[in-house]
Peer 1: 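Questions regarding the structure given below will be posed in turn.
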Amino acid sequence: MVYKSLKIQNQINVDKEWNMATSEMMLSLGLIEKDVNADTLWVWCYPSISADLREVLLRKCCLPLNNQVLHTFVFGQYCRTWYYITTVEVQEPTVLKKVTHFSIVITAKDFNPEKYAAFSRVLCRTYIKHGSPVKMMECYIAVLTKGICQSDENGSFLTKDYDVRKAYLAGSLKDVVSQFGMETIILYTALMLKKRVVVYHPRIEALLEFTRALPGLVWHRKDWSILHPFVHLEDKELENLKLCTGYVAGFVDSEVGDRSDLFDVYVNLPDSEITVSQNAKEAMAMGKLHKEIGNFIVQAAEDTDRTDAQVIKDISVKTKEILSNLMSLADEAENSKLTLETLKQRHYPPATENFLFHLAAAEQLLKI
């Protein structure tokens with residue numbers, strides 16, 4: 001009986017942790033509608049969304065665009081807030097008589113597209129059935145406080161079904177390597193050195209799928225905050241992006257290719273082309289070490305027996321070997337900080353020395 005009581009108490013504690021995590025992560029819920037007159041408006045939000053963010057989210061939502069393909073689910077980041085937008089077309093019969101389409105918008109602190117897509121589907125069905133934001137708010141508060149929203153009619157949602165590690169592993173590095181082969185080493189090097197990577201594709205779905213995979217190349221950081229998968233060439237968004245040291249940013253506007261002030265590495269997805277900007281060429285110079293790592297990545301990704309998660313782990317192990325070597329050099333130096341002189345004493349090939357120097361700077365192991 002004592003064991004059972006402890007087990008129950010432990011489960012209560014776990015549930016409390018999950019609930020706290022949920023309440024800390026979700027920030028707001030909003031509703032955008034397109035009516036029979038083709039007007040698109042914010043009609044409701046809870047508890048609140050700033051006017052600045054509402055403007056951005058209205059742009060991300062596909063409803064203001066006429067005669068465009070319906071984007072059922074998009075996600076992105078603005079000013080350190082993640083947004084998840086699910087859009088549906090209203091089908092007859094429905095209580096929403098004057099509404100042709102609507103978008104459910106969730107803002108949150110965490111990156112977890114699958115979690116918020118699943119929750120949004122429940123919210124969409126709830127709104128279609130009742131035609132009232134009040135019922136959606138009840139679902140939102142239930143998830144916020146209990147981590148669960150359950151309904152026989154509209155489906156159920158359980159927060160703890162969506163581990164953030166699964167979200168990190170959902171992108172396919174194997175697909176990235178399949179498309180770019182040895183050139184994947186350029187992406188790896190850019191991310192290792194915390195450079196600015198801009199990706200272009202006219203189709204938002206392809207952009208989201210590709211960009212979310214890239215932080216997996218630097219798994220040791222487990223940092224998806226570098227990901228800005230859906231950015232418009234609009235001043236406020238670009239100003240926000242430029243505040244970041246390094247990033248992976250996705251654009252559907254082809255004009256971004258002419259904006260060399262925004263990138264160190266430019267990826268044209270439809271044409272399968274990667275370009276290194278003039279300013280970044282010195283730091284991104286390739287040598288024997290890069291060729292070795294590139295071959296390693298390609299071989300791991302082309303192994304049909306290995307999953308994406310295993311490929312990420314393989315690359316991570318290789319990365320940790322490089323970082324361990326770098327840290328051991330730093331340990332020998334004054335204040336555990338590397339200098340260019342320390343690297344020169346090792347007589348590395350120029351490209352390797354250059355890469356390790358810039359990597360030490362990125363990992364804050366460099367003496368300034």
Side-chain angles (χ1 to χ4, degrees), residues 111-114 162-195 197 199 206-227 229 246-248 250 264-265 267 269 272 274 276 283-330 346 348-349 351-365:
F111 171 77
N112 203 322
E114 286 68 33
Y162 298 93
D163 189 323
V164 69
R165 286 166 298 184
K166 287 184 181 177
Y168 290 164
L169 292 166
S172 177
L173 275 185
K174 295 188 80 162
D175 287 349
V176 172
V177 179
S178 174
Q179 182 169 358
F180 288 102
M182 272 297 285
E183 283 199 310
T184 307
I185 188 60
I186 301 173
L187 299 173
Y188 173 85
T189 304
L191 290 166
M192 285 290 283
L193 302 184
K194 297 185 178 178
K195 296 297 182 184
V197 178
V199 183
L207 199 59
L208 296 177
E209 187 179 342
F210 182 86
T211 55
R212 74 175 295 178
L214 296 187
L217 286 167
V218 283
W219 179 259
H220 68 287
R221 293 184 187 135
K222 294 184 182 64
D223 182 12
W224 262 251
S225 71
I226 65 170
L227 179 62
Y247 50 72
V248 174
D264 299 307
V265 172
V267 183
L269 264 188
S272 297
I274 299 178
V276 178
M284 296 282 295
M286 299 287 154
K288 185 180 176 184
L289 177 62
H290 295 87
K291 186 176 180 181
E292 179 194 322
I293 299 167
N295 279 323
F296 179 85
I297 291 171
V298 169
Q299 286 170 15
E302 287 179 348
D303 187 339
T304 53
D305 293 330
R306 302 194 79 65
T307 64
D308 273 296
Q310 288 170 322
V311 171
I312 286 173
K313 187 178 178 182
D314 290 343
I315 297 169
S316 181
V317 168
K318 187 73 173 173
T319 298
K320 282 174 181 172
E321 287 175 13
I322 297 165
L323 292 173
S324 293
N325 179 39
L326 204 58
M327 283 186 272
S328 67
L329 290 175
R346 296 285 165 157
Y348 289 119
T352 300
E353 180 188 285
N354 181 59
F355 172 63
L356 293 177
F357 177 76
H358 285 95
L359 181 57
E363 294 289 332
Q364 297 181 322
L365 292 171

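These numbers come from the heavy atoms of this one structure, side chains and all, not from hydrogens, waters or symmetry mates. The chain is numbered in sequence order, starting from 1.
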Peer 1: Run Val298 and Thr184 through side chain to side chain contact (heavy atoms under 4.5 Å, CB included) and show every step you take.
Peer 2: CA-CA 8 Å; Val298 169; Thr184 307; 5.5 Å; no

Peer 1: Determine the minimum heavy-atom distance between Ala213 and Ser172, stating which atoms define it.
Peer 2: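 That closest heavy-atom pairing would be CB-N, 3.7 Å.
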
Peer 1: Any side-chain heavy-atom pair from Thr211 and Val197 closer than 4.5 angstrom?
Peer 2: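 With C-beta onward as the side chain, the pair stays apart.
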
Peer 1: So, the side chain of Asn295 versus the backbone of Lys291: is there a donor-acceptor pair under 3.5 Å, distance only?
Peer 2: yes

Peer 1: Can you classify the ring geometry of Trp219 versus Trp224 as parallel (below 30°), tilted (30 to 60°) or perpendicular (above 60°)?
Peer 2: perpendicular

Peer 1: Which heavy-atom pair separates Lys318 from Phe296 by the least distance, and what is that distance?
Peer 2: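 Looks like CB-CE2, 3.8 Å.
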
Peer 1: About how many Å separate NE2 of His290 and OG1 of Thr352, when rounded to the nearest 0.5 Å?
Peer 2: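 The distance works out to 7.0 Å.
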
Peer 1: Ignoring hydrogens, what is the shortest heavy-atom contact between Pro215 and Asp223? Give both atom names and the distance.
Peer 2: CB-O, 4.1 Å

Peer 1: Between the side chain of Glu209 and the main-chain N/O of Ala206, is any donor-acceptor distance below 3.5 Å?
Peer 2: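 Looks like no, no N/O pair under 3.5 Å.
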
Peer 1: Let me confirm one number: the CG-OH distance from Asn112 to Tyr168, rounded to the nearest 0.5 Å.
Peer 2: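 Going from the CG atom of Asn112 to the OH atom of Tyr168 covers 8.5 Å.
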
Peer 1: I want to check something: taking the side chain as every heavy atom from C-beta on, are Thr319 and Val218 in contact at a cut-off of under 4.5 Å?
Peer 2: no

Peer 1: Atom CE in Met192, atom CG in Leu217: separation rounded to 0.5 Å?
Peer 2: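 Answer rounded to 0.5 Å: 10.0 Å.
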
Peer 1: If only side-chain N and O atoms count, and only distance matters, is there a donor-acceptor pair under 3.5 Å linking Glu363 with His220?
Peer 2: yes

Peer 1: Quick one: does any side-chain atom of Arg212 pair with a main-chain N or O of Leu227 as donor and acceptor, under 3.5 Å?
Peer 2: no

Peer 1: Got Ile186 and Phe180 here, is their nearest side-chain heavy-atom distance under 4.5 Å?
Peer 2: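 No, their side chains stay 4.5 Å or more apart.
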
Peer 1: Would you say that Ile293 contacts Thr189 through its side chain, given a criterion of any heavy-atom pair below 4.5 Å between the two side chains?
Peer 2: no

Peer 1: Taking all heavy atoms of Leu207 and all of Pro229, pick out the closest pair and write down the distance.
Peer 2: CD2-O, 3.5 Å

Peer 1: Quick check for you: to the nearest 0.5 Å, what is the distance between Asn325 atom CG and Leu359 atom CG?
Peer 2: 10.0 Å

Peer 1: Within the distance-only criterion (no hydrogens, no angle test), does the side chain of Asp264 pair as donor or acceptor with the backbone N or O of Lys195 below 3.5 angstrom?
Peer 2: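 Here the side-chain-to-backbone pair does not exist.
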
Peer 1: Where do Ala285 and Ala351 come nearest, in terms of heavy atoms and distance?
Peer 2: O-CB, 4.3 Å

Peer 1: Checking the side chain of His358 only, and the main-chain atoms of Phe355 only, is there a donor and an acceptor separated by less than 3.5 Å?
Peer 2: no

Peer 1: State, to 0.1 Å, how close Glu183 and Ser272 come at their nearest heavy-atom pair, and which atoms those are.
Peer 2: OE1-O, 4.3 Å

Peer 1: Within the 4.5 Å heavy-atom criterion, are Ile226 and Leu191 side-chain neighbours or not?
Peer 2: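 Yes, close enough: below the 4.5 Å cut-off.
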
Peer 1: Check for a donor-acceptor pair, side chain of Asp308 on one end and backbone N or O of Leu173 on the other, with a separation under 3.5 Å.
Peer 2: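 Confirmed, Asp308 side chain pairs with Leu173 backbone.
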
Peer 1: Measuring from atom CE of Met286 to atom CE of Met182, what distance do you get when rounded to the nearest 0.5 angstrom?
Peer 2: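 Rounded to the nearest 0.5 Å, the CE-CE separation comes to 9.5 Å.
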
Peer 1: Around atom NZ of Lys313, are there more than 12 heavy atoms from other residues, nucleotides or ligands closer than 6.0 Å?
Peer 2: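 No, because the 6.0 Å sphere around NZ of Lys313 holds 12 heavy atoms or fewer from other groups.
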
Peer 1: Determine yes or no for a side-chain-to-main-chain donor-acceptor pair under 3.5 angstrom, with Ser316 supplying the side chain and Ile312 the backbone.
Peer 2: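 Checked: no pair found.
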
Peer 1: Answer yes or no: is there a donor N or O on one side and an acceptor on the other, between the side chain of Lys174 and the main chain of Arg306, under 3.5 Å?
Peer 2: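 Checking the backbone N and O of Arg306 against the side chain of Lys174, a donor-acceptor pair under 3.5 Å is found.
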
Peer 1: Is the NZ atom of Lys320 crowded by more than 12 outside heavy atoms at less than 6.0 Å?
Peer 2: no

Peer 1: Any chance you could measure Phe210, atom CZ, to Leu269, atom CG, to the nearest 0.5 Å?
Peer 2: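 Rounded to the nearest 0.5 Å, the CZ-CG separation comes out at 5.0 Å.
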
